[in-house]
Amino acid sequence: RGELSLTAGTVKAYKFVRRHFLIPADIESNPKFGPYSGGCFEERAIRAYALGLLKPKKKEKKEKRGLGRVGGRGGDRGDDDDD
């Protein structure tokens, strides 16, 4: 977020946390997420993850596919031999 240079490992860890967990709006001001000085936003997010303080994002339900293909199950495929 800022001008601090982060290692590749820190950036990778932060991207993982950001992708899979909700980062609270007050992470930079709430003391339960760590000291105010000596760290950056990304490090606070990683620390909060490591301490189990973050809630996972809800997974989106993916639409089931392939049920109408030949050999698949269910639905009217229009290939009935009842003509």
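Here the structure is a predicted model, which is why all the values come from computation and not from measurement.
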Looking at every heavy atom in both [X] and [Y], which two are closest together, and how far apart are they?
{"X": "Ile27", "Y": "Ala45", "answer": "CD1-CA, 3.6 Å"}
{"X": "Lys57", "Y": "Arg19", "answer": "CD-O, 3.4 Å"}
{"X": "Val11", "Y": "Leu6", "answer": "CG2-CB, 3.8 Å"}
{"X": "Phe33", "Y": "Arg44", "answer": "CB-NH2, 3.7 Å"}

Roughly how far apart are Leu54 CG and His20 NE2, rounded to 0.5 Å?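 Going from the CG atom of Leu54 to the NE2 atom of His20 covers 13.0 Å.
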Using 0.5 Å steps for rounding, measure from the CD atom of Glu28 to the CG atom of Asp26.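 It is 10.0 Å, given to the nearest 0.5 Å.
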Quick check: is Leu53 connected to Phe41 through a chain of hydrophobic side chains (ILVMFWY, heavy atoms under 4.5 Å apart)?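 Yes; tracing contacts between hydrophobic side chains, which count when under 4.5 Å, links both residues.
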Identify, with sequence neighbours excluded, every residue that meets side chain to side chain donor-acceptor pair (under 3.5 Å) alongside Ser29.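 For Ser29 there are no side chain to side chain donor-acceptor pair (under 3.5 Å) partners, ignoring immediate neighbours.
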What verdict does the side chain to side chain contact (heavy atoms under 4.5 Å, CB included) test give for Ile23 and Tyr14, after you've listed the backbone C-alpha separation in whole Å, the side-chain angles of each residue and the deciding distance to 0.1 Å? CA-CA 11 Å; Ile23 298 176; Tyr14 170 69; 4.1 Å; yes
Can you confirm whether Tyr49 is buried at OH, in the sense that more than 12 heavy atoms of other residues, nucleotides or ligands lie under 6.0 Å from that atom?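 Open: at most 12 neighbouring heavy atoms sit under 6.0 Å from OH of Tyr49.
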